[in-house]
Colleague: 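Below is one structure. I have some questions about it.
Chain letters run A, B, ... following the sequence lines, proteins first and then strands; every chain starts at 1.
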Amino acid sequence: MATLHIKGVSKQFGSLIANDNISLSVSGGEVVALLGENGAGKTTLMNILFGHYVPDGGSIEIDGKELPHGSTDAAIKAGVGMVHQHFTLAENMTVLDNIMLGTESLYSLTSKVSTARKKLIALAAQYDLEIHPDAIVGKLSVGERQRVEILKVLYRGAKILILDEPTAVLTPDQTSQLFDNLRHMVATGMSVIFISHKLHEIMAISDRVAILRHGKMVGEVVTKDTDKNRLAELMVGHKVTRPKAGKVKSGGPVIQMKNLYLDDILKDINLTVSEKQIVAIAGVAGNGQRELADVLSGTRQWSSGELLIDDQLISTADPREFLAKGFGRIPEDRHHTGTIGEMSVWENLVSENLRQPPLWKFGRIIDFKACRQRAAELVKQFDIRCKSMEVQTRLLSGGNMQKLILARTLSASPKFILASQPVRGLDEGAIAFVHEQLLDARQAGAGILLISEDLDEIFAVADKVAVMYHGQLTEPVEVRKTSISQIGSMMGGDLDAVA
Amino acid sequence: MDWLELFISAGFWAATLRIAAPLIFGTIGELICERAGVLNLGIEGIMTMGAMVGWMWVFQGGSLWGAIMFAAFIGAMFGLLHAVFAVHLGLSQHVSGIGITMLASSLSYFVFRMFLPNSTTPPKITAFQPLEIPYLSKLPFLGEALFSHTAMTYLALAIIPVAIYMLYRTPVGRAVRMAGENPVALEAQGIDVLHIRTGAVMVGSALMAVGGAYLTISAFDAFFFGMINGRGWICVALVIFASWKPGRALFGALLFAGLDAFQVRAQQLAGGIIPYQFFLMLPYILSIAAMVVMSKRMIYPKALLVPFRRGDRI
């Protein structure tokens, strides 16, 4: 049993106040959820607790003893364990190597591998976290890697476990397995701090919820006395309504894929997206969605099979050709493939349409004035908030960067839009904006393929949904004829779950 | 002597081992740096420095083993300099490394001239002498090929298993490998990434300098200009060829050295029909070809060249 008191912690990054005088107490045997939108300061607070960051003010006490600032070593010794949002594992080392790291003196000339292996196996059995100690981490599934992370923390004797967005990469089944494990740990007296912005998970696992907004603690509630809507309001600060997909009659096919293969990654993909239709592809990351997105962006050549737009056969992957034929794309990684961070906002805004007049003069020359003018219109129309169009795009917030990409894509009036994880990491307001834009584009006649891991998103905007698993794609079904739980179990590999 | 005889002559194999020894020191040194995530292009200059200070130590009356220690110490100091720029300040590892090479090479020549302003022929020292290992050196063929080398050549062969043990069997080796794979993970386990990287670069640089010293106190007995002659760059390539594994580094060094020993003898055999420059080129051409083949299955340290800054937003 350990009690943790965070007292008046503040942290500033440049002009951004990430944590403003935050206090929080956690005692043994309880799960406290830390709720807030992206950028609310949850991860910063936990990184301070774990010693990654040095706070500007405030103090942290564990069992009455003050924790020195900025020392992960001290935090670990005091019993704090953190499972990071992005796994901190070395992929080409074994599970045991990863777990033993830092447990022995660096000056020791031997490493007690067999003792450690025994201890790990015992620990895994105790908490029901099955793992093979000598497996290479790179070969493990995401769920298994998370188990390694948790075991790593338990191995160090953690009493306070911090989980930063632990379910972001898990299937619904893996999530409930994780929750079972957490309940098991809490029953033995451990405390868990669970960071999330997924309300249904917080309702399911936590005893208490602390809500952060813009770096401030805005409320603390007992989970059983509240509900999802109340929490959402506290998190966002006002009522948010996500747009609802109305019914639109779809037209003829825009994109058709027939028996499409890509090496041994994509297997026999058959999919049609029609005009005025949003087809969603659900699935856990790493099942071939990214490769499918690459194929549909024209950046990767498929091995065999047919790809047609408007009944016109396309044979080679050529991004520029794809754009000219009416493809639009919202890439998954908006920082690296969606925008060029070092270039200005206006350059990014016109980058896909440079070859058309009036941006393109005398056949070969870019008309900068026309480009800036076009960009200025788009900035206004899509409400992209930036100091000026000349600032580097990497300085934009995630939401504004996504607006930029939307503006660029939608202004070309594409016939087909590929939207990969378009709302990942965005806050509620931005999510609503992106969905509205996609629904408007559908209304205007575009066929849209939405790749998402978020079933709530899929069920809110899509007309049809298909599941991708190990490179195979199921037959799309009407969203209203299926359910979240059905799609969820299909994502876990139970492809026959469809009724 | 015909072509077949060349390969079965003990002299050829003995030469291979002699040529390989400095490459082994350099390659293992570079490998340790890179395993910790730091490219060390200072290697060429650090080897030159090691060659000079090792020789100078003996020339000034010091012992041969003392020369190795001194070269290692000076190498470690240049490693520390590289670590300050590339690890602590997080600057470009390429730029810092090239800078160290230019500084260390020039400084070596400068110091050499300071001590010996007037000499035209490089003065000589008494270098390591071949050890005739009792009984074994009397064996036919193997005796000359393997068991009649200097102590420093055996030292080169000995550091391979030591490096393997240290990297794969000790806590600090695990930490070094993690520093090159995922420094955040190291930090998350309470180990200071900068310390680990600095230490690795210093140890690696010490080995490089010892490799340089091998040339002046074991292979030859004098220091002269342009002595390292690109051996440092060969080591950088050998690390990649070895896919960052010490055992394979030994294989790579022997392969390259064998080609080099071969080309010297092939020049004589060809007897002027083929220009000798062609043979000089051979080891490099074949190294490039071997690298092209090997690099397809290469597994490189994920955090190589990536600076780590504490407290950065993760």
Colleague: Is atom CE of B:Met77 surrounded by more than 12 heavy atoms (other residues, nucleotides or ligands) closer than 6.0 Å?
Modeller: yes

Colleague: Using 0.5 Å steps for rounding, measure from the CZ atom of B:Arg177 to the CG atom of A:Asn92.
Modeller: 8.5 Å

Colleague: Check whether any side-chain heavy atom of A:Met93 sits under 4.5 Å from a side-chain heavy atom of B:Glu181, and report yes or no.
Modeller: yes

Colleague: Any side-chain heavy atom of A:Leu109 sitting closer than 4.5 Å to one from B:Met166?
Modeller: yes

Colleague: Below 4.5 Å, heavy atoms only, C-beta onward: do B:Arg174 and A:Ser111 meet side chain to side chain?
Modeller: yes

Colleague: Take atom CZ of B:Phe73 as the centre, draw a 6.0 Å sphere, and report whether it contains more than 12 heavy atoms from other residues, nucleotides or ligands.
Modeller: no

Colleague: Within a radius of less than 6.0 Å around CZ of A:Arg290, do more than 12 heavy atoms belonging to other residues, nucleotides or ligands occur?
Modeller: no

Colleague: Which one wins on heavy-atom pair count under 4.5 Å against chain B: A:Met100, A:Glu91, A:Lys77, A:Met82?
Modeller: A:Met100

Colleague: Check this for me: B:Tyr300, atom OH, are more than 12 non-hydrogen atoms of other residues, nucleotides or ligands nearer than 6.0 Å?
Modeller: no

Colleague: What part of A:Phe87 lies closer than 4.5 angstrom to a heavy atom of chain B: side chain, backbone, both or neither?
Modeller: backbone

Colleague: Donor-acceptor pair, distance only, cut-off 3.5 Å: does the side chain of B:Gln189 make one with the backbone of A:Leu101?
Modeller: yes

Colleague: Taking atom NZ of A:Lys216 as the centre, report whether more than 12 heavy atoms of other residues, nucleotides or ligands fall under 6.0 Å from it.
Modeller: no

Colleague: With a 6.0 Å cut-off (strictly less than), is the heavy-atom count around NE2 of A:His69, excluding the residue itself, greater than 12?
Modeller: yes

Colleague: Please flag which part of B:Leu186 lies under 4.5 Å from any non-hydrogen atom of chain A: side chain, backbone, both or neither.
Modeller: both

Colleague: Could you look at A:Thr103 and say if it's the side chain, the backbone, both or neither that has a heavy atom under 4.5 Å from chain B?
Modeller: neither

Colleague: For A:Val113, which atoms come within 4.5 Å of any heavy atom of chain B: side chain, backbone, both, or neither?
Modeller: side chain

Colleague: Using side-chain heavy atoms (C-beta onward) and a distance below 4.5 Å, is A:Leu106 in contact with B:Thr170?
Modeller: no

Colleague: Please examine the side chains of A:Thr110 and B:Arg169, heavy atoms only from C-beta on, and report whether any two atoms are closer than 4.5 Å.
Modeller: no

Colleague: Pick out which of A:Asp97, A:Asn98, A:Leu89, A:Thr88 makes a side chain to side chain contact (heavy atoms under 4.5 Å, CB included) with B:Met178.
Modeller: A:Asn98

Colleague: Using heavy-atom distances under 4.5 Å, tell me whether A:Ile99 contacts chain B through its side chain, its backbone, both, or neither.
Modeller: backbone

Colleague: Taking atom CZ as the centre, does B:Phe251 end up with more than 12 heavy-atom neighbours from other residues, nucleotides or ligands that are less than 6.0 angstrom away?
Modeller: no

Colleague: Crowded around B:Phe85 CZ? As in, over 12 foreign heavy atoms under 6.0 Å?
Modeller: no

